[in-house]
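Position 1 is the first residue of the sequence, and the numbers go up from there.
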Amino acid sequence: MPQVLDRAPAYDVCIIGSGAGGGMAAYVLTQAGANVVMLEAGPMWDVARDGAMFSWNYESPRRGASTVERPFGEFDACYGGWEIPGEPYLKDEGTDWMWFRARMLGGRTNHWGRISLRFGPDDFKGKSRDGYGDDWPIGYEDLAPYYDKVDRLIGVFGSKDNFYNEPDGIFLPPPKPRCYELLVAKACEKLGIPVLASRLSILTRPLNGRPACHYCSQCNRGCTVRANFASSYVLIPPALETGRLTIIPNAMAREILVDENLRARGVSYIDKETMQERQVRARIVVLGASACETARLLLNSRGPRYENGLANSSGLVGRYLMDSTGTSVAGFIPALVKNLPHNEDGVGGMHIYIPWWAYNQKLDFPRGYHLEVWGGRRMPGYGFGAGIHRLNGRLPGPDGRPRPKGGGGYGLQLKEDYRQLYGAIVGFSGRGEMIARYENYCTVDPNVVDRYGIPVLRFHVKWSDEEIRQARHMQETGREIIRAMGGEPLDEMPGPERGYGITKPGEIIHEAGTTRMGRDPKTSVLNPFCQAHDVPNLFVVDAGPFVSMPHKNPTWTILALAWRTADYIVEQRKQGNL
């Protein structure tokens, strides 16, 4: 393909990716006066024009069912998924990694669960605590001021609990627990398991010109009023208003270009609409494409003096790949049968959550998890109600005895089943920490390319015994809570042959760790400010720099780290070092 060098003067900064990290970097750098160009692999996206916040499921013949392009439902506000036509990836034998990619302005932030937890002091010092993995070169005290800045700018609700290793933030008032959540809290109190108010980046009071949530509960569809957080409508617009941000959509980054001094000088990308290769010039390059896509770009950037990929003298680009562990259990709660119809107002997510509480218990796995709570009477869509045919055998017949389990039925009986059973299911999804291991990695395969001619990633990732045992504990805890609520789990507990129901690596979409930070260039890719050891004007602002992936969802830490990195870039530019 012919190369076309864009004739525009060199930008101060080129950012690849527009999600949490890329969006935050653009916000901070443009406010500081930098001229920024942003390469986004997908199209532009406007929540008011392209979102489906107020569409009813019954308006579609599919009733909102998922598709390959939108695996979380056809109204979901994310273009992409685990399988994208023309963009394959490979798996080594014994690996079942699932790689989710978002292809749109704002990336995954358009549809995520908004769970906004800070990493705690212990999360940065895992090796010192239990001997597994490595410690971060920074601590909570380094990120705390930036967590505060993110809280004030974007907004997060919660309650100040002073709970161990769950740092409090600058919180908006949390919404009250729903009916089924109150039952969960009551059962957990019996068991000595703590329950806290959720911490979600959804406004319960107006903030910085954005209104409070009006409880439509459709957060994954994108928020027309901007009451929840997505980079596309919270960070990108103010960056554009400065007049110093240029966005190039449908630009698939191919290679980072360097000069004779091994300093980044720009980026080569494929224009997806013309299939032509183009280049942009920039004095600084910031990667926020997602941990795996960033690793792919570095590994595909090769030259005579960096044959193993750019910024890879340590050989660690792509190594220590992590995701969150996960497993789920759901139960039938008789106390919720024949519930009076009521309005379960609330945000598009849980109002309570269960933090990791067993720090002082002797367990056969080293790191913790939290439990996310779900259930209730949400807007009906395809497959809602957990399948009444699975539940109606639990209802008594006219004679008071359990009636035969039906196949779903039809007519009057089916309507009556739904009236009695809808909302009687409560579930728990565990999200835990995976240990960072050198043996878990992604690399490029030179023999297979995507539709744009770019070598694809090949994954080699497996759960260890520690993660499997952690999933068992999640299952046991969830089932214990269900029984304490007077209910019964819907299914038998999966055994060791099924990994106790553990998710596939990558399925939770918390990929991290492929460009880890550290102080020693021999054992890390980036320094503590997410600056490449080998290439001083190259930075990473996604979850690639993470040294560990605690059980907390990563977005709030991506945002805080990106702000810290952007501030460092601003200061280094003032000093003439960049």
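With respect to the salt-bridge test (charged N to carboxylate O, under 4.0 angstrom), the residues E467 and R472 do not qualify. Comment: R63 does not engage E74 in a salt bridge, judged by the lack of any side-chain N to carboxylate O separation of less than 4.0 angstrom. A salt bridge does not link E189 with K186: every distance from a Lys NZ or Arg NE/NH1/NH2 to an Asp or Glu carboxylate oxygen is 4.0 Å or more. Residues R469 and E476 are not paired through a salt bridge, judged by the lack of any N-O separation under 4.0 Å between the basic side chain and the carboxylate.
Checking T67, N220, N110 one by one against D76, the side chain to side chain donor-acceptor pair (under 3.5 Å) holds for a single residue, N220. Exactly one residue among I425, V426, N339 makes a side-chain contact (heavy atoms from CB on, under 4.5 Å) with I333. That residue is V426. D123 pairs with exactly one of N165, T557, V547 by the side-chain contact (heavy atoms from CB on, under 4.5 Å) rule, that one being N165.
W45 and Y233 have tilted rings, their planes meeting at an angle from 30° to 60° on a 0 to 90° scale.
Shown here is E492, whose CD atom has no more than 12 heavy atoms of other residues, nucleotides or ligands within 6.0 Å. Counting non-hydrogen atoms of other residues, nucleotides and ligands closer than 6.0 Å to NZ of K504 gives a total of 12 or fewer. The neighbour count for E497 CD, taken as heavy atoms of other residues, nucleotides or ligands under 6.0 Å away, is above 12. Other residues, nucleotides and ligands place no more than 12 heavy atoms under 6.0 Å from the CG atom of N360.
Looking only at side-chain heavy atoms (C-beta outward), H351 and P174 stay at 4.5 Å or farther from each other. Between V184 and L182 the shortest side-chain heavy-atom distance does not fall below 4.5 Å. Between Q475 and E480 the shortest side-chain heavy-atom distance does not fall below 4.5 Å. Contact check for E488 versus F332: no side-chain heavy atoms found under the 4.5 Å cut-off. Within the 4.5 Å cutoff, no side-chain heavy atoms of V28 are placed close to those of R564. Looking at I468 and P496, their side chains never come closer than 4.5 Å, going by heavy atoms from C-beta outward. Side-chain contact between I481 and I193: present, with at least one pair of heavy atoms (C-beta onward) separated by less than 4.5 Å. Contact annotation: the side chain of I202 approaches that of C219 to within less than 4.5 Å [non-hydrogen atoms, C-beta and beyond].
In the model, T325 has no side-chain atom that pairs as donor or acceptor with a side-chain atom of W463 under 3.5 Å. Side chains of S231 and T109: no donor on one and acceptor on the other come within 3.5 Å. Defined by atom type and a distance below 3.5 Å, a donor-acceptor pair is present between the side-chain atoms of R437 and S464. Residues T555 and W112 have side chains that never bring a donor and an acceptor to within less than 3.5 angstrom of each other.
Side-chain N or O atoms of E511 include one that pairs as donor or acceptor with a backbone N or O of C292 at under 3.5 Å. Under a 3.5 Å cut-off, the side chain of T514 and the backbone N or O of V317 do not form any donor-acceptor pair. Within the 3.5 Å criterion, the main-chain N or O of F229 finds no donor-acceptor partner in the side chain of S201. A side-chain donor-acceptor contact under 3.5 Å links R377 to the backbone of Y422. No donor-acceptor pair under 3.5 Å is formed between the side chain of Q361 and the backbone N or O of L363. For T204 (side chain) and P173 (main-chain N/O), a donor-acceptor pair under 3.5 Å exists by modelled atom type. Checking side-chain atoms of R431 against main-chain N and O of I508 turns up no donor-acceptor pair under 3.5 Å. Judged by distance alone, with hydrogens and angles left aside, the side-chain atoms of E433 form no donor-acceptor pair with the main-chain N or O of S324 at under 3.5 Å.
You'll find the ring centres of F529 and W563 outside the 6.0 Å limit. Ring to ring, H473 and Y369 are close: their centroids are under 6.0 angstrom apart. Aromatic ring centres of F119 and Y140 lie farther apart than the 6.0 Å criterion allows. Proximity of the aromatic rings of H551 and F365 is defined here by a centroid distance below 6.0 angstrom, and this criterion is not met. Note: Y353 and F428 fail the aromatic proximity criterion, with ring centroids not under 6.0 Å apart.
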What do the steps show when you test M98 against D323 for side-chain contact (heavy atoms from CB on, under 4.5 Å), and what is the final call?
CA-CA 10 Å; M98 298 176 65; D323 184 33; over 6 Å; no
For a side-chain contact (heavy atoms from CB on, under 4.5 Å) check, start with the C-alpha distance between V286 and I16, then their side-chain angles and the critical distance, and finish with the verdict.
CA-CA 6 Å; V286 176; I16 302 174; over 6 Å; no
List the steps and the verdict of side-chain contact (heavy atoms from CB on, under 4.5 Å) for I354 and H370.
CA-CA 6 Å; I354 298 170; H370 69 259; 6.0 Å; no
Check against side-chain contact (heavy atoms from CB on, under 4.5 Å), F459 and Y441:
CA-CA 6 Å; F459 292 92; Y441 64 88; over 6 Å; no
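Nearest heavy-atom pair across S18 and M104 is OG-O, 3.7 Å. The shortest non-hydrogen separation linking L526 to P545 is CD1-CG, 3.6 Å. For the pair S217 and G346, the tightest heavy-atom approach, listed with the atom from each and the gap, is OG-O, 2.8 Å. For G501 against T327, the heavy-atom pair with the smallest separation is O-OG1, 2.9 Å. Here the shortest heavy-atom pairing between G486 and P334 reads O-CD, 3.3 Å.
Residue pairs meeting the salt bridge (Lys or Arg N to Asp or Glu O under 4.0 Å) criterion with at least one member in residues 131-140, sequence neighbours excluded, are K127-D134, D134-R516. Residue pairs that meet the side chain to side chain donor-acceptor pair (under 3.5 Å) test with at least one member in residues 149-164, sequence neighbours left out, are R118-D151, D122-Y164, K149-D567, D151-W556, S159-D161, D161-R199.
Partners of R226 by salt bridge (charged side-chain N to carboxylate O under 4.0 Å, His left out), not counting sequence neighbours: none found.
Geometrically, R319 engages Y438 in a cation-pi contact, judged by NZ or CZ lying under 6.0 Å from the ring centre and within 45° of the ring axis.
Atom-to-atom distance recorded for F72:CZ and C78:SG is 8.5 Å, nearest 0.5 angstrom. Distance CG/L559 to CG/L143: 11.0 Å, rounded to 0.5 Å.
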